[in-house]
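Down below is the structure, laid out as structure tokens.
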Amino acid sequence: MNAMGVRWTVEQVLALAPDEASRRAGSGLGTAGPWSGAGCGDGAVWGQCKGSGRTPYRTVVETAGPAYSCSCPSRKAPCKHVLGLLLLWAADGAAVPDGAERPEWAARWLAGRRAGAVGAARKAQGGPPADPEAARRRAERRAARVTAGAEELERRLADLVRGGLAAAGQQGYGLWEETAARMVDAQAPGLAGRVRELGAIPGSGPGWPVRLLEECALTHLLDRAWLAADRLPAPLAATVRTRVGLPAAPGGTAVRDRWLVLAQYDTGDGRLTTRRLWLYGEGSGRTALLLSFGAAGRAPALALPVGAVVDGELTPHAGSGQLRAEPGESLVPVGGPAVPPPGGPVGAALDAYGRALREDPWLDSWPVTLAGVVPARAGYGWQLADADGREALPLTGGDRSRPGLWRLLALSGGAPLTVFGECGHRGFTPLAAWSPEAPSETVPLL
Amino acid sequence: MAAALLGTDRRPPSGTRGPDAAEALLDTAARHTLRRRAGLRPGPAAVPPAPCPDDPRPPLPAAARRRLDRLLAGRAAPAPSGGRRGTAPDLAELLPQWLALAVERGFKAPSAALPALLDAARARTDLRPQALALAGPRGLWLAGLNPDWRFALRGGGAGGRLPDPEDADAVRELWEEGLFAERVALLGAVRAKDPAAGRALLAGTWAGERAEDRLMFLDSLRAGLSAADEEFLEAALADRSRNVRATAAELLSALPGSALAGRMADRAVTCVGLDRTAAVPTVVVEAPHECDEEMRRDGVAAVPPSGRGERSWWLGQLVESAPLSCWPARFGGRTPEEIVALPVADDWQAELHAAWCRAAVRQRDAAWSRALLGAPSVPPATGPGTSSLAERAQLLATLDPAERAGWVAAFVAAHGLSEAFQLLGVCAVPWAEPLGAAVIDALDIARDAGSYPWSFSGVMGLAERCLSPAAARQLESLAAAVPEAEDASPGAGAYWAEAFQRLVATLDLRARMRAELDDTRA
């Protein structure tokens, strides 16, 4: 394999698209026609794309990272030219030749970017903050505000339970929305998010009162934990701070490994897009979660193609039971076959979730790999059953139109396969699968 | 839970009272919630679906597989409003061709692509046969689990489940109990292997079939029609249903040796003859004066559509159903060309030539088709035969592919592209060399003449799908932007350049698609 590592697959490229429109526009540009001077080498891809104007757009991509630059005026990142160029690169070795000479404009951007990355890395490792005393005062002020917010939320929950959940169902969403806004004011975005979810539960179908009570109780638990944080063991206290929504910093020792990208998916509330990336370290056996955020209309900066293997360092966050990590300066795609995480039966997956709850009671789910499971249709929807046909886990969603479910079924063909996903109290959400026919090919299910 | 629903003020949980009751309830609930979640156990397993049958076909080469993903992803993209623009190939238009090539080479579809493939086939019926063939048994298995893909289990999709035509019991069982589409498919399969067995199958249940089913079964005899089918068809001329009778008569007339064709020939030659006393030998026509019982039994429709005269209506049907072989004898040993060139008295020419065209198409008679098409350089309005391009396209289809391509190439060279669309549609793909060159030349001429390029977008689209990739070299010089000519339509130059670029890009892509499928290294 050359210095480029493997070329990405089309799906991997399309997974980077910030939205459906860009995906479509990018697909249209993924042919040799509009491109000139395209080439790749040493971790970068470049080319010029003829647009409607006189001057072609200059597009360059650094595949480690990845990072993009394009001279077009689009505010989307990556723009359609980047996607088109990557698609062309993925599909057509002749149109984007390897080892072609790098044009001056591409070289300049790459050099600037790499210098910047080194600088940023130095800064991150870096020296003490400018004024430690001021920083401490700021942190104290914020903690005080969060405490006031948590106390107010406690009163609100107590009022709710005194008045009865049945009444809460009739109050509608407005009151919750107002409380959520107060939590935002209190600089506790984690609490605000929980409150918004509480507001949505009464509209979530049969059985909502039990769900509302459970979530209220766990929110109450979080409030109490925050108010008593100084008496908690340090790792649990760090987890509580993260759950409340205080900024987390990587605290552990960096782990260098070959990481297989298991899944990448976005969730959003209209204001903020959260991108979740699950990685599995082949040497360390660790599963890590990378989070990346994007404001409305912009894709989160971090994107890695599912199924790719990247080499690099990840630094885990502090806190008990935390899987979240921050990538080091760059994750470099490397070639070679992917090895899926070792998996177990469905019972072991639930055990793992149960154990994880001891470290972090607010966990909705835990990443697990199931081995030798078969998708089957049960009365309530679809499930994944152990191949011996005894035990099974329900799949979440139950929406039979979900393309991921059908892809899972197509891969299985009624035979056992390996599936990675998130296992929790709602069931199992499949995110990636490996069929016995092609065990080294990671098939994304989202 | 009851306390939580009604509120601790109204129903305090046992053992607590007052303002602490709410907090105590939440504490208890939190403990319960965590205990429940941490202690979750798997449920009982349901019976999994039966494993899907094996597909022994080889997987796609890696590059071809990526191409399929892209074609399926591009399929969802709707055409931009106001027609297609830009220089990028239209992937949706290339999918059918890609599927046909992949099926032809005997590959199976990658499992992960099956849902997208089935969705594509669901949205576009033209893709179904090829998409389902590629999807194979695993695709059918999957379709059986999702009601959205039920279409795959019907009709041609069930082809994989047909019994071996040799297995008489299984054939009999499906014939008697199968769905209509399955029965049609079965009849076709049995007939392809053993026409007599197929007829026996049909004759066995014929009397009990519904009229519309009889019509469809009869229609499926069209494939592989032979003289051996005559007896069955002759019997069907007495059918209760008028449509069945008409179809049987039509099929019989396509068998020039059949008794019905002979009867039609007898009737037709009494109506059309040669007047040797005229200064130039002239065809004279004496249309039938009545449509008698015998004629009706032979499938002649007695009542003309509104606006047509009875006698010319009957004449048309007689001539159309008579074997063309009866005419040279009637006209003193003349060849089809000589017959078609004869003047026709009393304005009967259009009627007579049109009937001959229909006969040539029905009997797939290349010699008569050639005569009726005439020279491609003659303008359609003044040529022999018919001026209808649709009918000419049908006549062309009876010629062998090379002759067809040559004729259309000469037609395009003489008359340009504006009338050639339908004719191009019947030519074999990829277009043979003279035809491709003629189309490219004609496009170039149209551009030079300052034509509105969008009037040629239909031909452009056809060329993108049908031109041989080898033609790309000829096109490259045309794809360069040219300065606008003074008399050209505004904006046309850029549009033409864009259209040519798209054409080149599409041809290039098609060549690559083919190379990827032929790449056996993977």
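As a basis for the values below, the full set of heavy atoms in this structure was taken, side chains included, without hydrogen atoms, waters or symmetry mates. All figures in this text were calculated on a predicted structure; none of them were measured in a lab. Order of the sequence lines fixes the chain letters, A, B, ..., with proteins taken first and strands second; residue numbering starts at 1 for each chain.
Between chain B and the options A:R224, A:E154, A:Q383, A:R355, heavy-atom pairs under 4.5 Å are most frequent for A:Q383. Of the listed residues (A:G427, A:G347, A:A385, A:S435), the greatest number of heavy-atom pairs within a distance under 4.5 Å of chain B belongs to A:G347. Across A:G163, A:A376, A:G413, A:A415, the residue that shares the most heavy-atom pairs under 4.5 angstrom with chain B is A:G413. Chain B forms the most heavy-atom pairs under 4.5 Å with one residue out of A:L393, A:D386, A:L29, A:L409, and that residue is A:L409.
B:T33 and A:L218 make their closest contact through CG2-CD1, 4.0 Å (heavy atoms, listed as atom of the first residue, atom of the second, distance). The minimum heavy-atom distance between B:P44 and A:A392, with the atom names listed, is O-CB, 3.8 Å. Here the shortest heavy-atom pairing between B:A22 and A:A158 reads CB-O, 3.7 Å. When all heavy atoms are compared, the tightest approach of B:A112 to A:L411 is N-CD2, 4.1 Å. Smallest separation of non-hydrogen atoms from B:P48 and A:V374: CB-CG1, 3.9 Å. Closest non-hydrogen pair, A:P375 versus B:P49, comes out as O-CD, 3.4 Å.
Using a cutoff of 4.0 Å between basic side-chain nitrogens and carboxylate oxygens, B:R35 and A:E214 are not scored as salt-bridged. Under a 4.0 Å N-O distance rule, the pair B:R65/A:E441 qualifies as a salt bridge.
With a threshold of 4.5 angstrom between heavy atoms, A:D223 does not approach chain B through any atom at all. Residue B:R31: no heavy atom, backbone or side chain, is found under 4.5 Å from chain A. If you measure heavy-atom distances from A:V443 to chain B, the contacts under 4.5 Å come from the side chain alone. Proximity to chain A is limited to the side chain of B:L114, based on heavy atoms less than 4.5 angstrom apart. Using a 4.5 Å cut-off between heavy atoms, B:L145 contacts chain A through both its backbone and its side chain. Residue B:R138 touches chain A through its side chain alone, counting heavy-atom pairs closer than 4.5 Å.
Considering only heavy atoms from C-beta on, A:L221 comes within 4.5 Å of B:L34 through its side chain. The side-chain heavy atoms of A:R162 and B:L25, taken from C-beta on, include no pair separated by under 4.5 Å.
Summarising the local packing, CZ of A:R390 is surrounded by 12 or fewer heavy atoms from other residues, nucleotides or ligands at distances under 6.0 Å.
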ask   = Can you check side chain to side chain contact (heavy atoms under 4.5 Å, CB included) on A:D351 and B:R41, steps first, answer last?
value = CA-CA 8 Å; A:D351 291 346; B:R41 296 305 312 152; 2.7 Å; yes
